[in-house]
Amino acid sequence: MITGGLDLGAGTVKGVLLEDGRRILATASLPSRGIPVQAARQVVDELGETANIAPAEVDYLCTTGFGRYMIPERNLQVSDFTSSARGAVFLFPKTHLVVDVGTQASRTMSISETGKVLKFKMNEKCAAGAGRFVERCSKYLQVPLEEMGPKALASQHPKLISSVCAVLAETEIINNVAEGVPLSDILMGVFLSLSQRAYSLMRYVGIQPEVTLVGGLVRDVGMVKALRDTVGMEVNVAPDAYYAAALGSAILGHSRLLKLRETPSDTGG
Amino acid sequence: MSGVVAGVDIGSTTAKCVVLGDDSRILGKSLSVVGIDIVKDAERALEAALADAHLSRSDVAFITGTGYGRYKVYFGQLVVTEISCHARGASFLFPGTRLVVDIGGQDTKAIRINEKGEVVDFAMNDKCAAGTGRFLDVCANALGYDVSEIGPLSLQARRAVKVTSTCTVFAESEVTSYVSRGKDPKDILAGLHASIANRTLSLMQRVGVEPEITFTGGVSQNQGMVRALHQRLGAPVNVSPLSQYLGALGAALHGRERLSGGAS
Amino acid sequence: MPQLLQIRPESDGVAAGETGPRIEISSDFREFLQADSVEQLVRLTQEVLADPTYPTVRAWRKTGGKAVGCFPVYTPQELVHSFGMLPVAMHGGGENLEISRADAALGSFLCSISKSTLEMALTGLLDPFDAFVFPYICDVSRNLEGIFSRVLPQRASHMLHLPQNFTSPATIPFLVAEYRRLIEKLERVAGDRFSQENLRASLEVFNEQRALVDRLASLKRDAPWKVSLVEYYLLLRLGGLLPREVHIPLLRRALTELEARQQRNKDAIRVIVIGPFCEQPTLELLQLVEDVGCYVVGEELQMLHRWCPRIEPGADPLESLATSYVRTPVDIGVRSTPTTKGAAILSRVDDSKAQGVVFLTAKFCEPALEDVVLYRKALDRRGLPYLHMEFEEKSTTYEQARLQLETFVESILFD
Amino acid sequence: MSDVASPAAAQGGASPTFLRDARGLQRKLVEEYYGRLAPSEKPHPPVAYMLVGGNLTEIVRAFGYDVVFPEIVALNCAIKHQSLENILHAESLGYGLDVCGYVKNDLGLQDLGGTTSFGQIPRPDLLVCSFSGCYIYVKWWEALAESYGAPLFMFDVPYMREEAPRKEDIDYLVSQLWEFVHLLEKRTGRTFDMDELKRVLAESRRAEDGWVEFLRAGRFRPSPIEAYFESIFYMFPINVLRGTPEAADFYGVVNEEVRARVKEGNYPLPEEKYRVLVEGVPPYTNYRTFWDFFRKWGAVSVVATYPKVGGLFDRGFRHDPARPFESIAEYSLGAYVNQSWPLRRQIIADYVKEYQVDAAVIHGIKSCRSFTAGQGDLRDWLIHERGLPTLYIESDHQDPRYFAPAQIKNRMDAFFESLEQRRAVAAAPGVAPA
Ligand SMILES: Nc1ncnc2c1ncn2[C@@H]1O[C@H](COP(=O)(O)OP(=O)(O)O)[C@@H](O)[C@H]1O
Ligand SMILES: Nc1ncnc2c1ncn2[C@@H]1O[C@H](COP(=O)(O)OP(=O)(O)O)[C@@H](O)[C@H]1O
Ligand code: SF4
Ligand code: SF4
Ligand code: SF4
């Protein structure tokens, strides 16, 4: 049985092909550039090529992310929280708390052993709390995105950002630069501010090990370190955690498909 | 002693400089983007304006700094807030001005002035950067346009989309969600402009709306905004190609007064 | 199920500042009385709500009647009614009203209902009213009255102090005296003297309305598939816009029709919605809650008509009215109930057999926000799922709301 | 406008001078107070939590209680830059961004164990909620009642909408006071001693006289005191220690020094350029910075509304041993925010006249609706109906995240710049501006 999971995020579209709910056959991602449907088609093609599987061979397609309703061919759509939680448990079965930091939103949820979401919370308005902020800082400070994290690790005295608004936070950062604060301290300050915001969401749902970080920021060593320091405990990370939501939706698709095959009368979601 | 004065306006987004001759004629001006080294940016703004005026530093008798980065204009002799400067600049260009609306990169101001160009009352956007130039920049970016294009495009809208959130941070997702629902970018732009106009009006009402109204700051270069304000007010607003320089111009004028020992 | 609003994941907008057409209603309200189905009644209500010029109040004035705006929650509308004036529920400006002046007068970090109410005052939309009553339910409502007294000096406005000491024997006599302060003003507005007899009659009218409202709420609780939340809400909302004598027969007829409705019971989870006791969510949001797979079997909407079950007129109707407030069992955020919050939420969950709680609090509504924390504690102890979201009178995007509501439903449904 | 050349002038010169002995004495009183509350081996008097507005300090004191004011604990935390941690903790408990910073600071602090850098805050044995002027008081005390299980006495104080209270208000309050006394008798096992209450009231009255004398010093030209910035320090005894001889004596010392200041010509600023009225709760987290923004322009706060949150003593009210319960009832009605907007406007108008005010600065608090909702309208009224230049700025009393120094400074600079300009023009009518 082959199920596909597509995560149509605000910044990137990610896809996963899964065999029998267990084995990852392929992953792919592309920036969505405001037109996630197009990117999604390309992601699907790429997945097929990598795994050498024709579209017709995919038994069930489950979508997630803010564009989850945009794909007419989908069999089911689930919310980002539900899918990331499943993905996280697949990667780290002892996960109890998932932190998902993506382009525009930070989310956190506490989950049961099976990956069922118990409590969840996302960043409210007025927060420089997610990936886009890191991207903008990268532009401003003229440090490529990939280098932000590694550079931040050298920080001795991170300079925290106090402003709650991303726009005003940028001004604050520029001020810090003008005042001669070392770049690494500014960068680490950015990640620490992000993790502190995530931390307050985490405290809202209740902190319990193991904690797993998923979403785009998992690729950033600076964010990972900052989160570990802020929470004061180990945080699971893995390369595939970048695809957690897509992965989770493929898993959910798989279990849905199993159920459907048991009770063929049900036409499904 | 030469009577050449200069005003340097270091905003959150751009640095402007105006060099003014004895007869209050503009001899030179410059506009540049503010980067992370504000002190240098200020220097450069002055140099560029001087080059434009074919003058050198020693020709300038008095320099006034204004704008958000005014304390970084180390080479100046005076600092004045951009509120006083926009007021002065606006009433210099349009002597009948009673209300100045300045929409810049990061804030919006409404300034009520008297017939002498003095500030009587003013209000600024509080708590956040919502509905400012930055907001338009982000929206333009999200739609794949340059800021200079969005105003004219918005004028071609047929049915403006209703936009309530003018939060800069969430503008992008709001705009993309409209695009993904198949809305015409022109209609989205018209909606964005209308919602900023509404926010601006609320600020203007804080100090009292009284003609003539002069629109200053970088966003006054945006025809869509000019029209949206006009429509919301039901009255025309003064704009000039110099609008973005009014802060710097005002600063120079304040400097001129100080130089001549006038009331400042 | 009749589809009232055609909502896609996101609703379509109109240009800022644009409001719906002005609606004219006849002075005998025949448009309502002639509506031949619940759907039609509800659609008409929706149209009336889209017109911020208070069409029903204008209709009432056509025959020379006076109208008094009543801010939620505990305003004694019966007193207004006893003078033969129309008590009208002031529930803010809705989605189409642009706020441009009220922000400046009130401040930025305040709930929308306070801003839109003031905006309406400043822009002449409250002209059809002769007076306003604001209860001390929170500091915002209280201060709003102080601004009204300045910006609308030609109209009477009154701030009613609502006692928070519910155990002192002195409270009821004080509240009676407090009502008399209001009566002094109402007498001036009405040009008439207060009459116990009239108040007694008014209490009975309101009792009848309350009984019907209660029947509707029971229907929503016991057979939520028979009436959608939006229909339910609009039927209640209408009760604050029409003369009670008109609303009562309408509601009675609607109930008969709804109770007889044949409708399939969907596989949805039963939730109660806590928090919108003052400012009201948009229709889209209400519909969204049920669209994602919930049945709302208990809520705090339109509390102005529902804060007590019944008031026996008794020998002294004024005292009965005061007693009803002091002894009312309703436990919402704008009433002091120390140490019983947890028990209250759990008993509401039990009474309605709810599977979860959705806290839907108005943005910046501090009383509601503070209660959520205490409620949460009790729900956590019981292991009951809940979701907290904030809303505003005016919103155009529901993506975040949809995401959270869907997750909530999925978290209960999926295993 | 300010000259770049003299940065010292831009900063307003040296740091503010405080009343020398009084400031020291105040520190000592605060220290002793928190020291006394700290847990110790000795049996401790019971503790009553109380709110500043309309508080019943005298009565509980007559029963031997120690009094804790969480509002004041919170403001002390904020001044010492300890509020943010507590606020963040409260937010993680579920308190929203828009909940009053005092409430969040206090509930966060309590949940973290109640330890501050100035002492350990004891748990309450009794919660007295004087519902006077702020609805959030009710919510706050509900939360405390829930977490401590301590009994709560709800003292319901009618909102003031008319100049004078009506008889029914006083009757209601007095009967609640008697109920309170009975509750205290039951809890302490002591019988109520009217003479003791009268003694306490007499001390209160003495402190009130002294406090008012201090406040009214702002009427001098130039003013020997900063009625807003300095009052913050001298409010502690009048609110927390009222009814003790220490409080009363304290104001004796304060006023002695004020008189000395006048004699020596030792004013808060070398030159008093603007006499300012300040309305609203201070931004405690940054209040020195805020003060400097005034000093830079030669602006002296000669009168302020905030020091009146604990009572409008300067408008003539006094606790009165001859009418113990009635005067306590009247006191509880007199919290500044328990006055309706028309009354608040009147008070401000009177101040403007009495204190010869040149301009008003309103500081709005994002998380305090009681004080803030309607301050924009007040601004409008002052400017348009009273012709008083007025500045409105906004931040928070507890949450440093909402204090944006550059923005606030920009506004203050522009405001005083415009005053300066207008004044210069008025003084030199011959000079025509460009
Ligand atoms: N190589 C990388 N290094 C650092 N950060 C990255 C990298 N790749 C992506 N990111 C961060 O991840 C974010 C995108 O996260 P993602 O989970 O894909 O978002 P969404 O699903 O919301 O579109 C970007 O905004 C960026 O900040
Ligand atoms: N040609 C143009 N068309 C439309 N908008 C413009 C144009 N030029 C500048 N702007 C707008 O003006 C803003 C900058 O305004 P400005 O007054 O220079 O800001 P500040 O003084 O705060 O730096 C930019 O954010 C941009 O949105
Ligand atoms: S612009 Fe900044 S402060 Fe304003 S709403 Fe958006 S994030 Fe918040
Ligand atoms: S919505 Fe909340 S804060 Fe606003 S007036 Fe109503 S009760 Fe008060
Ligand atoms: S008056 Fe304001 S600051 Fe004081 S407790 Fe009430 S809401 Fe908080």
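Chain A is the first sequence line, chain B the second, and so forth, proteins listed ahead of strands; every chain is numbered from 1.
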Notebook entry, point to check: Got a second to check how far Ser418(D)'s OG is from Ile113(B)'s CD1, nearest 0.5 Å?
Noted result: 12.0 Å
Checklist line | N-O pairing of Asp107(B) and Arg411(D) below 4.0 Å | finding: no
Notebook entry, point to check: Gln421(D) and Val119(B): which non-hydrogen atoms are nearest, and at how many Å?
Noted result: OE1-N, 4.0 Å
Check: Does the side-chain contact (heavy atoms from CB on, under 4.5 Å) test come out yes or no for Arg112(B) and Ile383(D), once each step is laid out?
Finding: CA-CA 12 Å; Arg112(B) 192 155 57 85; Ile383(D) 292 177; 4.0 Å; yes
Notebook entry, point to check: For Thr390(D), is it the side chain, the backbone, both, or neither that has a heavy atom closer than 4.5 Å to a heavy atom of chain B?
Noted result: backbone
Checklist line | Contact check, side chains of Tyr71(B) and Lys409(D), non-hydrogen atoms, under 4.5 Å | finding: yes
Next item on the list: Could you tell me which non-hydrogen atom of Asp121(B) sits nearest to which non-hydrogen atom of Arg379(D), and how far apart they are?
Entry: OD1-NH2, 2.6 Å
Item checked: Contacting moiety of Leu391(D), where chain B heavy atoms sit under 4.5 Å -> side chain
Margin query: Before you tell me yes or no, could you show the steps for Ile83(B) and Glu417(D) under side-chain contact (heavy atoms from CB on, under 4.5 Å), namely the whole-Å CA-CA distance, both residues' side-chain angles and the distance that decides it to 0.1 Å?
Written below: CA-CA 9 Å; Ile83(B) 295 160; Glu417(D) 222 167 67; 5.8 Å; no
Next item on the list: Check each atom of Ala414(D) against the heavy atoms of chain B and say whether the ones under 4.5 Å are side chain, backbone, both or neither.
Entry: both
Item checked: Test item: side-chain donor near acceptor, Asn410(D) and Arg70(B), under 3.5 Å -> yes
